[in-house]
Amino acid sequence: MIDAQVITIDGPSGSGKGTLAQLVAEDLGWHLLDSGALYRIVGAMCVRREVAFAAVDEVAELAGALQISFAEGCVTVDGLDLTDEIRTEDAGEHASKVAQHPQVRDAVMMLQRSFRSPPGLVADGRDMGTVVFPEAKLKIFLDASPEERAQRRYKQLKNKGLSVSLRGLLEQIKERDARDRGRAVAPLKPAADALVIDSTSMSIDGVFEQVMSEARARGLV
Ligand code: DC
């Protein structure tokens, strides 16, 4: 048994789970797993190597052989810097497509579990609490309305100087939600023992405080 506790934070895109996971990990001094980044990497490498997202066996083989490093804010894959490439809206879309295949999820599973090491791990994604770390002592499912999530993303992209359509983002979010929630394997849903937080009208600080007080109540801090 590994001597490292796990806190899982699952939820749809734009719910704020990535920011929350970062804040919690920093505060506790624990490791961080951004599992969405792994699926984004697989999608990006499929594009680079011209592997069709639907070519399940090839995608799974590619996923299992990648040499990935997350260091000092940079994502390096097989010697290539993919830090910015995996953060685009297209990369999220591609990730959601490759993530539908059970074989690809299996290939990514071992890698995800290898992030668990002392003193602890905060893991964010879609199936962290249901499939990858079902034994986690604290499971959060962070949700928000699609409209609020589209607004947040819109502001982020605007701040980066990118011109985007709010309506287009909302459509993309709804489409991605439907694919992530509707897939046969490891669909996006709260674990039976998850604490569900609707962040639609909450600040990230408010959500952070609620999660930390829950972590204290469960003896994790
Ligand atoms: O969290 P994100 O937006 O970076 O995730 C991108 C896509 O990857 C998401 O739409 C579905 C997939 N994903 C998944 O299937 N399981 C995870 N644990 C994390 C992400």
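Heavy atoms only: backbone and side chains are in, while hydrogens, waters and symmetry mates are out. Predicted model, so just to flag it, every value in this text is computed and none were measured. As the structure lists them, so they are numbered: ligands from 1, and atoms in each ligand from 1.
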Under 4.0 Å between a side-chain nitrogen and a carboxylate oxygen: does that hold for [X] and [Y]?
X      : Y      : result
Arg167 : Glu171 : no
Arg48  : Glu85  : yes
Arg183 : Asp127 : no
Arg179 : Glu93  : yes

For atom 12 (C) of ligand 1, state which one of Gly125, Ala99, Pro12 supplies the nearest heavy atom. Ala99
What protein heavy atom lies closest to [atom]? Include the residue and the distance to one decimal.
atom                    : result
atom 20 (C) of ligand 1 : Gly36 CA, 3.5 Å
atom 6 (C) of ligand 1  : Arg176 NH1, 3.5 Å
atom 4 (O) of ligand 1  : Arg40 NE, 2.7 Å
atom 19 (C) of ligand 1 : Ser35 OG, 3.4 Å
atom 7 (C) of ligand 1  : Ala95 CB, 3.6 Å
atom 16 (N) of ligand 1 : Arg105 NH2, 3.0 Å

Counting heavy atoms only, which part of [X] comes closer than 4.0 Å to ligand 1: side chain, backbone, both or neither?
X      : result
Arg126 : both
Arg179 : neither
Glu89  : neither

Find all atoms of ligand 1 within a distance of less than 4.0 Å from any non-hydrogen atom belonging to Tyr39, and give their numbers and elements. 8 (O), 13 (N), 14 (C), 16 (N), 17 (C), 19 (C), 20 (C)
For Met128, the atoms of ligand 1 under 4.0 Å from one of its heavy atoms are 18 (N)
Verify the neighbour count for atom CD of Glu61: are there more than 12 heavy atoms of other residues, nucleotides or ligands below 6.0 Å? no
Show the atom names and distances, to 0.1 Å, of all donor-acceptor pairs under 3.5 Å that link a side chain in residues 12-28 to residues at least two apart or in another chain.
residue: Ser15; atom: OG; partner: Pro12; partner atom: O; Å: 2.9
residue: Ser15; atom: OG; partner: Leu142; partner atom: O; Å: 3.3

Flag Asp180 as yes when one of its N or O atoms lies below 3.5 Å from any N or O atom of ligand 1, and as no otherwise. yes
For Asp34 and ligand 1, does the shortest N/O to N/O distance drop below 3.5 Å? no
I'd like to know whether ligand 1 has Gln100 as a neighbour, heavy-atom separation below 4.0 Å. no
Report yes or no: does Lys17 have a heavy atom closer than 4.0 Å to ligand 1? yes
Looking only at side chains, do Thr83 and Asp81 share a donor and an acceptor under 3.5 Å apart? yes
Can you find a side-chain donor-acceptor pair between Asp198 and Thr200 that sits under 3.5 Å? yes
Taking all atoms of both residues into account, what is the closest heavy-atom pair of Ser199 and Val207, and its distance? CB-CG2, 4.0 Å
Measure from the side-chain N and O atoms of Arg116 to the backbone N and O of Ala4, and report whether any donor-acceptor pair falls under 3.5 Å. yes
